[in-house]
Amino acid sequence: MLVSWNTTNACNLYCKHCYRNAGETADKELNTSEAKNLINEIVKSGFKIMIFSGGEPLMRKDIYELVEYASQQGLRPVFGTNGTLITTEVAQKLKEVGSKGMGISLDSTDKYKHDEFRGVSGAWEKAVNGMRACHEVGLPFQIHTTVMDWNYNEIEKLTDFAVSEGAVAHHVFFLVPTGRAVNIEEESLKATQYESLLHRLLEKQKEVSIEVKPTCAPQFMRIASQKSIKMRFTRGCIAGISYCIINPVGDVQPCAYLDIPAGNIRETSFSKIWNNSEIFKKLRSMEYSGGCGSCRYKDICGGCRARAYFYHGDYMAEEPWCLYHGRKGY
């Protein structure tokens, strides 16, 4: 079980696809005391991994204190970061306080394409320097790539780059239109390209020693099953089942892209929200409609609930980017 906390809405970049529409610090973000109480509740609820994300989590002044506290409570603290603020000194300090891994965003081997997508010149070089700083001090890192139509043909090249830089994994994120990403929805992949890339990624996994994982693309579990490829994962979409996210002001939601609050930790304890929220109960029922409901792979896939919500207005509806939809004889 893993949980992600958007530690702050502040960010030093302005990425086109940002689901949080990050930039400025939000009003009434959780303070240090509230954050520590949240960590206690996360432990109480049985979570093992805590992702510190944002915005840009390294812009939060008490980040080292909170990571150390999470580690002391028995959690495995990891990061989702743009990597631009990681120096050798920062990487060393993160390691010392208990950080176990850094997920660093990189969307192209072409620095100009990456910088244009991330909204700031020089972002690519700083992100790569951040990776090298992590590698230097022995802090594991992985590369996170958001796949779009313009970088669709270079994803395997990015995997090779991850290997060459010493990354432990390459996680490929499939766009879900929410936040600023609704403005670039036409650049995102659709069903045929989506399916093709999933096949490519699983074939690439056979060639490299690091983990290659599609994210927000739960159909990878169905394809892995069809190809008889063993995965360490048991399910594609885990939103509300073994994963959730807390935003900077304490709203709990099933995933980063399904922006429906299940409750706020300032009003109800996180453990009560996790155990009793109606949206979580409904997601755990797996009573999907359309092709997802009748699909033989629904227990290991589940379809993207956020994408279903964006296109159908119903998070239990059929996944719109799936070519399979329970067809027989596929």
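Basis for what follows: all heavy atoms, side chains included, without hydrogens, waters or symmetry-related copies. Starting from 1, each residue takes its place in the sequence as its number.
- Looking at heavy atoms from C-beta onward, C301 lies in side-chain contact with Q219 at the 4.5 angstrom threshold.
- Around the NE2 atom of H135, the shell of radius 6.0 Å holds no more than 12 heavy atoms that belong to other residues, nucleotides or ligands.
- The closest donor-acceptor contact from the side chain of R284 to the backbone of S242 lies at 3.5 Å or more, if one exists at all.
- For the 3.5 Å distance criterion, the side chains of T81 and E56 qualify, holding a donor opposite an acceptor.
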Determine all donor-acceptor pairs shorter than 3.5 Å in which one atom belongs to a side chain in residues 63-73; sequence neighbours excluded.
{"from": "E65", "atom 1": "OE2", "to": "K36", "atom 2": "NZ", "distance (Å)": "2.8"}
{"from": "Y69", "atom 1": "OH", "to": "N40", "atom 2": "OD1", "distance (Å)": "2.8"}
{"from": "Y69", "atom 1": "OH", "to": "N40", "atom 2": "ND2", "distance (Å)": "3.3"}

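- At least one donor-acceptor pair under 3.5 Å links the side chain of S45 to the backbone N or O of E41.
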From CA spacing to verdict: side chain to side chain contact (heavy atoms under 4.5 Å, CB included), V78, L2 = CA-CA 10 Å; V78 296; L2 69 159; over 6 Å; no
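- Note: D299 CG to M286 CE = 5.0 Å, rounded to the nearest 0.5 Å.
- Here the closest heavy-atom approach between residue R222 and residue C322 is recorded as NH2-SG, 3.7 Å.
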Given the rule in the salt bridge (charged side-chain N to carboxylate O under 4.0 Å, His left out) test, do R132 and E165 qualify, once you have shown the distances and angles that lead to the verdict?
-> CA-CA 7 Å; R132 292 171 180 168; E165 292 294 328; 2.8 Å; yes
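- Annotation: side chain of V172 is in contact with side chain of H170 (closest heavy-atom distance under 4.5 Å).
- By the 4.5 Å heavy-atom criterion applied to side chains, L106 and M131 are counted as neighbours.
- A distance of 14.5 Å separates CZ of R76 from CE of M50, quoted to the nearest 0.5 Å.
- The side-chain heavy atoms of F310 and Y257, taken from C-beta on, include no pair separated by under 4.5 Å.
- A distance of 9.0 Å separates CG in N275 from NZ in K44, rounded to the nearest 0.5 Å.
- Proximity of E211 to H171: side-chain heavy atoms (C-beta onward) are separated by under 4.5 Å at one or more points.
- In this structure, CZ in F79 is found 10.0 Å from SG in C134, a value given to the nearest 0.5 Å.
- In plain terms, the two heavy atoms of G263 and I273 that are nearest each other are C-CD1, 3.6 Å.
- The main-chain N or O of T7 is found under 3.5 Å from a side-chain atom of R60 such that the two form a donor-acceptor pair.
- Atom CD of E154 and atom NZ of K113 lie 5.5 Å apart (nearest 0.5 Å).
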Trace of the ring pair (Phe, Tyr, Trp, His ring centres under 6.0 Å) decision for F270 with F47 | CA-CA 12 Å; F270 174 80; F47 287 86; 5.8 Å; yes
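- Scanning all heavy atoms of the two residues, the minimum distance from G80 to I51 falls at N-CG2, 4.0 Å.
- The existence of a salt bridge linking E207 and K204 is confirmed by a sub-4.0 Å separation between a basic side-chain nitrogen and an acidic carboxylate oxygen.
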Please step through side chain to side chain contact (heavy atoms under 4.5 Å, CB included) for the pair C244 and W274, ending with a clear verdict.
-> CA-CA 8 Å; C244 69; W274 176 250; 3.7 Å; yes
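- Using a 4.5 Å cut-off on side-chain heavy atoms (C-beta onward), T268 and N276 make no contact.
- A side-chain donor-acceptor contact under 3.5 Å links N151 to the backbone of D107.
- The six-membered or imidazole ring of F220 lies away from that of F174, with a centre-to-centre distance of 6.0 Å or more.
- Looking at E319 and Y288, their side chains never come closer than 4.5 Å, going by heavy atoms from C-beta outward.
- Checked against F117 for a ring pair (Phe, Tyr, Trp, His ring centres under 6.0 Å), the options W150, W124, Y14, Y112 give a single hit: W150.
- Hydrophobic cluster membership is shared by V208 and L197, with clusters built from Ile, Leu, Val, Met, Phe, Trp and Tyr side chains linked at under 4.5 angstrom.
- At a threshold of 4.5 Å between side-chain heavy atoms, the hydrophobic network of Ile, Leu, Val, Met, Phe, Trp and Tyr places L85 and F52 in one connected group.
- Taking every heavy atom of both residues into account, Y297 and S225 meet most closely at CE2-OG, 3.9 Å.
- Y324 does not carry R296 over the face of its six-membered ring by the limits of under 6.0 Å from the centre and within 45° of the normal.
- Across G303 and P218, no two heavy atoms sit closer than the pair C-CG, 3.3 Å.
- Remark: side-chain polar atoms of R305 are paired, donor with acceptor, to backbone N or O of A317 under 3.5 angstrom.
- Side-chain atoms of N6 never come within 3.5 Å of backbone atoms of P248 as a donor-acceptor pair (strictly under, hydrogens ignored).
- Residues E203 and K206 are paired through a salt bridge, judged by an N-O separation under 4.0 Å between the basic side chain and the carboxylate.
- Note on V168: it does not cluster hydrophobically with I143, by side-chain heavy-atom contacts below 4.5 Å among ILVMFWY residues.
- Remark: K48 NZ is loosely packed, at most 12 non-hydrogen atoms of other residues, nucleotides or ligands lying under 6.0 Å away.
- For M221, the side-chain contact (heavy atoms from CB on, under 4.5 Å) partners two or more places apart in sequence, or in a different chain, are M231, F233, I300.
- Here the shortest heavy-atom pairing between A169 and A162 reads O-CB, 4.5 Å.
- A distance-only check finds no donor-acceptor pair linking the side chain of T8 to the backbone of P57 [under 3.5 Å].
- A continuous path of hydrophobic side-chain contacts links Y243 to I49 [ILVMFWY only; heavy atoms under 4.5 Å].
- I241 and V176 fall into different hydrophobic clusters, where Ile, Leu, Val, Met, Phe, Trp and Tyr side chains are chained together by heavy-atom contacts under 4.5 Å.
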Hey, mind stepping through F161 and V128 against side chain to side chain contact (heavy atoms under 4.5 Å, CB included) and telling me if it holds?
-> CA-CA 10 Å; F161 182 82; V128 173; 4.0 Å; yes
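- Between the side chain of R307 and the backbone N or O of L175, at least one donor-acceptor pair lies under 3.5 Å.
- Between the side chain of N82 and the backbone N or O of S105 there is no donor-acceptor pair closer than 3.5 Å.
- Salt bridge absent: K28 and E34 never bring a charged side-chain N and a carboxylate O closer than 4.0 Å.
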Checking side chain to side chain contact (heavy atoms under 4.5 Å, CB included) for the pair L283/M316: CA distance, chi angles, key distance, verdict?
-> CA-CA 7 Å; L283 286 166; M316 298 301 284; 4.0 Å; yes
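- For N31, the CG atom is densely surrounded, since the number of other residues' heavy atoms within 6.0 Å is greater than 12.
- Annotation: the span from C255 atom SG to I260 atom CD1 amounts to 9.5 Å, rounded to 0.5 Å.
- Residues L58 and I86 have side chains in contact (heavy-atom distance under 4.5 Å, counting atoms from C-beta outward).
- A donor-acceptor contact shorter than 3.5 Å is absent between the side chain of D259 and the backbone of Q253.
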